[in-house]
Amino acid sequence: MKKKVQSHNLAMFYDWATLRIERGAKEKNHLLYKPYSNAIIAKEPTSLEEEIKEIRRSGSNRDLDSASEFEMSDIFYFARRGVESIMDDEVTKRFSAEELESWNLLTRSNYNFHYISLRLTVLWGLGVLIRYGFLLPLRVTLAFTGVGLLVFLTSIIGLLPNGRMKNFLSEKVHLMCYRICVRALTAIITYHDRENKPKNGGICVANHTSPIDVIILASDGCYAMVGQIHGGLMGVIQRSMVKACPHIWFERSEVKDRHLVAKRLSDHVEDKSKLPILIFPEGTCINNTSVMMFKKGSFEIGSTVYPVAIKYDPRFGDAFWNSSKFGMVNYLLRMMSSWAIVCSVWYLPPMCREEGEDAVQFANRVKAAIARQGGLVDLLWDGGLKRGKVKDTFKEEQQKLYSKISCMETDWLRDPLGHH
């Protein structure tokens with residue numbers, strides 16, 4: 001409660017500072033906000049079929065009986081959509097941090113907020129001293145302590161025989177170490193609906209914003225992690241963790257073997273004594289304004305799925321990891337030099353695959369529930385577009401839809417009463 005009051009007071013200070021900056025910018029005729037930001041531009045939700053029909057209805061002066069499968073006016077729909085995508089691309093802007101409308105005394109929030117007021121510049125300098133001179137060293141110490149204890153204690157527990165005592169100690173050690181790491185980020189987390197927390201033998205799926213999503217969730221409950229085996233420090237942590245708890249690590253050559261991955265996951269969830277699996281089906285980090293396509297692999301297993309929605313408050317520190325811009329170490333240092341990481345976590349009711357529902361439909365239903373609870377935009381696009389091109393299947397779907405509409409329109413014009 002004390003942390004929440006402090007964060008509320010800090011938010012009020014941000015608003016006051018922003019008002020001061022806006023007043024100074026207005027007096028100096030200084031551009032404060034960018035003409036085009038990452039904000040979401042609301043568009044009227046209409047289908048391709050509805051818009052094509054509307055264009056034909058308003059643009060055609062010919063008799064309906066003389067209409068053909070294709071009309072020149074149809075081009076306007078695709079031209080307008082193309083221009084809209086260039087001006088307001090709803091996909092690629094999800095892979096960059098959103099610009100804040102208030103200043104949080106961090107230079108990274110809005111580069112146009114600098115040097116408007118001498119008083120605020122002094123406050124910003126004081127904030128730099130506090131964050132880098134006091135908070136950062138303390139947080140780095142806590143982070144090394146948490147990771148060090150995790151490696152050491154899980155290695156010791158791994159020497160014990162399998163049984164209830166080993167599982168009990170493993171859970172306590174994991175919770176303690178993750179909570180120390182959460183303190184290293186000064187994370188203020190609000191958990192909702194804890195009665196829906198994932199249970200053994202299930203799969204927990206959540207939207208993905210940052211690598212610290214794992215710490216945020218694991219500090220409130222234990223999970224079996226899934227991932228690729230790494231080298232270096234990460235590899236040391238993985239090898240020690242798997243000694244104490246049955247995490248699922250894959251070799252690089254095994255990751256692309258879908259059948260092997262599905263078999264390992266299926267074997268795990270069939271054992272009701274094992275911890276729930278934690279998976280981020282998007283496969284990449286999104287900037288916490290939306291939820292993108294869920295990979296269907298984890299929804300093919302047939303296990304109970306426990307959806308979790310995570311929503312960060314970027315006013316205190318932006319948790320989004322832009323992996324194409326920052327390395328892991330650089331990113332963690334930015335997190336530890338922020339004021340705090342404030343977020344809300346909602347545990348949604350468990351969901352099962354319905355009769356006649358395929359894995360893709362099930363994944364979309366779970367994704368929609370997470371987006372609705374977290375106040376996020378539900379997008380059908382694949383997060384793989386972060387580094388790749390649009391798949392041909394997406395283009396073919398639009399072509400088939402337009403072809404279907406044109407054929408249906410022609411059939412109706414030939415026989416409006418439905419005679420055969």
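Residues: numbered from 1 along the sequence shown.
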Between L135 and I130, does a side-chain contact (heavy atoms from CB on, under 4.5 Å) hold up when you go through it step by step? CA-CA 6 Å; L135 294 178; I130 294 173; 4.2 Å; yes
What's the verdict on side-chain contact (heavy atoms from CB on, under 4.5 Å) for Y178 and I216, showing C-alpha distance, side-chain angles and the deciding distance? CA-CA 8 Å; Y178 282 127; I216 297 295; over 6 Å; no
Mind running side-chain contact (heavy atoms from CB on, under 4.5 Å) on M336 and V140 for me, showing each step along the way? CA-CA 7 Å; M336 292 182 186; V140 170; 3.9 Å; yes
Dump the intermediate steps for side-chain contact (heavy atoms from CB on, under 4.5 Å) on V147 and I180, then the final yes or no. CA-CA 9 Å; V147 173; I180 293 174; over 6 Å; no
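Side-chain contact between L265 and K263 is absent, with no heavy-atom pair separated by less than 4.5 Å. Contact annotation: the side chain of V173 approaches that of T154 to within less than 4.5 Å [non-hydrogen atoms, C-beta and beyond]. Side-chain contact between H192 and Q373: absent, with no pair of heavy atoms (C-beta onward) separated by less than 4.5 Å. Between M241 and L150, the closest side-chain pair of non-hydrogen atoms falls below 4.5 Å. Proximity of F294 to V366: side-chain heavy atoms (C-beta onward) are separated by under 4.5 Å at one or more points. Within the 4.5 Å cutoff, side-chain heavy atoms of H268 are placed close to those of I277. Residues I286 and T209 are not in side-chain contact: their nearest non-hydrogen atoms beyond the backbone lie 4.5 Å or more apart. At least one side-chain heavy atom of L278 sits less than 4.5 Å from a side-chain heavy atom of L217.
Looking at every heavy atom in both residues, Y306 comes nearest to N196 through CD2-O, 3.8 Å. Shortest non-hydrogen contact noted between P211 and M328 is CG-CE, 3.7 Å. Listed here is the closest heavy atom pair of R334 and S337: O-OG, 3.2 Å. The minimum heavy-atom distance between M335 and A319, with the atom names listed, is SD-CA, 3.7 Å. Between P137 and T141, the shortest heavy-atom contact is O-OG1, 2.8 Å. The two residues K243 and R239 come nearest to each other via the heavy atoms CG-O, 3.2 Å.
Looking at S338 and R131, their side chains never bring a donor and an acceptor atom within 3.5 Å of each other.
How far CG of N207 is from NZ of K367: 11.5 Å, rounded to the nearest 0.5 Å. The line from OG of S273 to CG of N162 is 10.0 Å long, rounded to the nearest 0.5 Å. Between the CD atom of E354 and the CD atom of Q361 there is a distance of 9.5 Å, given to the nearest 0.5 Å. A distance of 12.5 Å separates CG in L376 from CE in M292, rounded to the nearest 0.5 Å. I189 contributes atom CD1, which lies 5.0 Å from atom SG of C343 (distance to the nearest 0.5 angstrom). We find the CG-SG distance between L142 and C181 to be 9.0 Å, quoted to the nearest 0.5 Å.
Of the possible polar contacts, none joining the S170 side chain to the K166 backbone as a donor-acceptor pair under 3.5 Å is found. Within the 3.5 Å criterion, the main-chain N or O of G201 finds no donor-acceptor partner in the side chain of K274. Proximity of a side-chain donor or acceptor of E171 to a complementary backbone N or O of F168 within less than 3.5 Å is not detected. Between the side chain of N288 and the backbone N or O of Y312 there is at least one donor-acceptor pair closer than 3.5 Å. Of the possible polar contacts, none joining the K295 side chain to the G283 backbone as a donor-acceptor pair under 3.5 Å is found. With hydrogens and angles disregarded, a donor-acceptor distance shorter than 3.5 Å links the side chain of D318 to the backbone of F320.
Residue E355 places its CD atom among 12 or fewer non-hydrogen atoms of other residues, nucleotides or ligands, all under 6.0 Å distant. Counting heavy-atom neighbours within 6.0 Å of F326 CZ, excluding the residue itself, gives a total above 12. With a 6.0 Å radius and a threshold of 12 heavy atoms from other residues, nucleotides or ligands, K199 has its NZ atom above the threshold. Taking a 6.0 Å sphere around CE of M176, one finds it holds more than 12 heavy atoms contributed by other residues, nucleotides or ligands.
For the pair R353 and F299, the NZ or CZ position fails the cation-pi test of under 6.0 Å to the six-membered ring centre and within 45 degrees of the ring normal.
Aromatic rings from H247 and H174 are positioned such that their centres are separated by under 6.0 Å.
The side chain to side chain donor-acceptor pair (under 3.5 Å) search around Y191 returns S219, not counting sequence neighbours.
Applying the salt bridge (Lys or Arg N to Asp or Glu O under 4.0 Å) test to every pair with at least one member in residues 211-228, sequence neighbours left out, gives these pairs: R194-D220, K197-D220.
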